[in-house]
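Worksheet for the structure shown next.
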Amino acid sequence: MVELPDKRAKFIDWYLEVVDRADLSDKRYGVKGMNVWTTYGMRARRNLDAVMVRAIEATGSEAVEFPALIPETDFAKEKEHIKGFDAQVYWVTKGGLSDLDVRLVLRPTSETAMYPTFALWVRSHKDLPLNVYQIVNTFRYETKTTRPFVRVREIHFFEEHTCQVDEAAATARVRSNLAAFRAMAEAFALPYVPIRRPEWDKFAGAHYSVAFDIPVGGARTLQIGSVHHYRQNFSVPYAIRYEAADGSQEYVHQTTFGLSERLLGAIVAVHGDAKGAVFPSAIAPFEVVIVPIPSADAPGAAERTASELADRLRAGGRRVHVDLSEDRPGAKYYRWELKGVPLRLELGKREAEARSASAVDRLGRRTRVSFDRLEAEVAERLVEFDRALTEKATAEFRASFSVARTLEELAGSERVRVVAWCGQEACGHRIETAIDGALLGTPEEELPLELPTIGACVGCGTSEGARWALAAQPL
RNA sequence: GGGACUGUGGGGUAGCUUGGUCCAUCCUUCGGGGUUCGGGACUCCGAGACGCCAGUUCAAAUCUGGCCAGUCCCA
C-alpha cells in the first residue's frame, strides 16, 4: 500500500485519499457534488444523526418532515432570503411532459417549505414554543469544487426551526441550541468556537447568525454548523401570528439551527493522521474490531473465541466487527487503522492462554483486557480513548490561533488570526483583504486562549469599542 | 461570467511530441488455485480501459473539429 499524502503539506489530497480509502463515500456518481453513501459511511452517518437527535430532543424539540419541493410562490416571500439562495437552487419546471404552472424549488433549506404551515399551526400563545427539527436532504447548486462531506450539492441536513413568543424567548432558544451543540461536540471530540458572524456574512434573512468554526490547518477554518435568530423577519411575510393572552395579535420570533454531514468531514479532518481516519467512539462505524490470529496447532480456535467475545460485547450494545477475512493480521491492523476504529482486540494463542486480549487503541496505546471483565474493560478503554482524543484535539486547537497586531501581520498567515476589531464594516473588509479570507466575526463565548490585553482596531487604529475577532480562510 | 489545463481497466499510471512497434505498459484492485499467517506474504492462472460523436488516413489512444465531464486560476 502506498503512503497517504502528508496531512500538513497537502491537506486536501490527504483528506480526499482518506475518505476514499477508508471507504466512507463513493464519489463516482454521475452528478457533481452528489456522492454515494457507502455501507461504512452510512454507519458513521447514523451514529452522527443519533448524537444530534439525542441532544436536540433533550431540549424539547420534536421530529417532523416537510416535502422536498417548494412552490415558487412560497419560496419568494422573504426578499433577503431569496437574494441569498437564488443563485444556488435547483428548479423543477416540468411534470411529465407539461410545464408546471407554478415552478417548484428543490429545497436548499426549509424555511420557505415550513413557514406557510407554521402559520396554520400557530394560533395561540399556548401553541408556543414550537420547536421542531428534521433530518433530510437539501440541494444547493454549488459551483465551486465539491468535496465529499464538506462541500456537496445534496446535503444531508439537520435543521431545527422554532417559533417563540418574543425576542427574549428566541434569544433563549439560541442559547439552548448553543448548549445542545456543546453536548454534541463533546461526542465528536471536536473543539470549536461559536462566532457571531458580521452583518455582511449572516444567514440570508437572519437578524444575526452564530456559526461554529474549527481550524483545519494553517489559516483555514471549516464552518460546521450555525444557529440563527430571525426575529420576525420571516414570521411577518409568512404571517406566523398568534393571539396573546391579552387578545392582541403578535408575530412570532423565530430561530433555526443547522448541521450537516460536514461534521463527518470535520471529524476526519481534525482527528485523522498519517495512518488514516480516527473516529471518536460515539461516531465510529465500529467501536471495536477483533482480529483473530490463527495458529497451526489449534485451527479455528482464535476465530471461535473472537466470535464469542464479539457476541458478548454486542449484547451490551457495542458495535463490533470481527475480521475473518483471509488477510494476514498485519494487513488487518493497517486496514482498521485506516478506517478509524477506536479499539482493536488481538486474539491469538497467547491471549487464549492468558485469558485476556491484547488491546490497541487508535492512538497506538497497547493494553490488555481480561476475558472475564471484557465488557467493563472495553468500556474503560473507549472512555479513555475518547478522553485522550479530545485532549489531543484540544491541544492542536489551541495551537491553531495567533494574535495579529497589524494588517501586515495577516498576510500569508499560517494560523487562524485573532485581531482587535472595532466592529466597522470598512475595517472588517480591510482585515479580509489583508488575510485574503474572511472575518469570521466575534466569539460568542470566551476564547479558550490566553490573550493579551486588547489593543486598537487593526483596521483603523481606534481603541474605542475594539473587540477580539477571528480572521481566517474558510475552506 | 473570462481563461488555462486534463479525460486510458474499480483506483493510479506508461504510451501521444514524430499515426503503424499497442488485440495498449506497470502498480494496485478484483475472481480462482497452491504455499502461508503475532504489523501491509509469496506464487501461478484469469478478468478488466483509450469520455462521446464526426472527420483526415491504407492505418488513430496518438492528428483535426464539435460535444460532454472534470480540475485549477481570475471576476
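In the text below, chain A, chain B and the rest are named by the order of the sequence lines, each starting its count at 1. Small disclaimer: the values here were computed from a predicted structure and weren't measured.
Only the P atoms considered, B:G2 is 41 Å distant from B:U21, to the nearest whole Å. Rounded to the nearest Å, the gap between the P atom of B:U36 and that of B:G46 is 24 Å. A gap of 15 Å separates the C1' atoms of B:G55 and B:G19, to the nearest Å. Separation of the P atoms belonging to B:G12 and B:U71 is 13 Å when rounded to the nearest angstrom. Nucleotides B:U57 and B:G70 are separated by 31 Å at their C1' atoms, to the nearest Å. As rounded to the nearest Å, B:C5 and B:U25 have C1' atoms that lie 25 Å from one another. With both ends at atom C1', the span from B:G7 to B:C50 equals 10 Å, rounded to whole Å. Of the C1' atoms belonging to B:C22 and B:A41, the separation is 33 Å, rounded to the nearest Å.
With the nearest nucleotide of RNA chain B identified for both A:Arg28 and A:Gly33, A:Arg28 has the one nearer the 5' end.
Shown here, B:G55 forms a base pair with B:C63; the pair counts as Watson-Crick or G-U wobble because both key distances fall under 3.5 Å. Using Watson-Crick or G-U wobble geometry with both donor-acceptor distances under 3.5 Å, B:C30 finds its partner in B:G46. Across all strands shown, the partner of B:G1 is B:C74, judged by Watson-Crick or G-U wobble contacts whose two distances both fall under 3.5 Å. For B:U25, there is no paired base (Watson-Crick or G-U wobble, both distances below 3.5 Å). Summarising the base pairing, B:A14 is matched to no nucleotide, lacking a Watson-Crick or G-U wobble pair whose two defining distances lie under 3.5 Å. Both distances falling under 3.5 Å, in either a Watson-Crick or a G-U wobble arrangement, occur for no nucleotide opposite B:C37.
Residue contacts for A:Lys32: at a heavy-atom cut-off of 4.0 Å it reaches the sugar-phosphate backbone alone, with no base atom in range. As judged by a 4.0 angstrom heavy-atom cut-off over every strand, A:Glu326 is placed among residues making no nucleic acid contact. Residue A:Glu351 is classed as a base contact, given a heavy-atom separation below 4.0 Å to a base.
Using bins of under 30°, 30° to 60° and over 60° for the plane-to-plane angle, the ring pair A:Phe181/A:Tyr192 lands in the perpendicular bin. Ring geometry for A:Tyr230 against A:His228 counts as parallel: the plane angle stays under 30°, on a 0 to 90° scale with 60° as the upper cut.
Checked against the 6.0 Å centroid threshold, A:Trp37 and A:Phe149 count as a close aromatic pair. Outside the 6.0 Å centre-distance limit, the rings of A:Phe66 and A:Tyr115 are not counted as a close aromatic pair. Ring centers of A:Phe257 and A:Phe158: under 6.0 Å apart, within the cut-off.
For A:Arg344 against B:G39, a side-chain N or O and a base N or O form a donor-acceptor pair under 3.5 Å. Checked by distance alone, A:Glu337 brings a side-chain donor or acceptor within 3.5 Å of a matching partner on the base of B:G39.
Looking at the side chain of A:Arg328, the nearest of the listed nucleotides B:A41, B:G39, B:G10 is B:A41. Of the candidates B:G10, B:G38, B:G40, the closest approach to any side-chain atom of A:Lys349 belongs to B:G38. With B:C37, B:G10, B:G39 as the choices, the nucleotide that has an atom nearest any side-chain atom of A:Tyr333 turns out to be B:G39.
Geometrically, A:Arg344 engages A:Tyr333 in a cation-pi contact, judged by NZ or CZ lying under 6.0 Å from the ring centre and within 45° of the ring axis.
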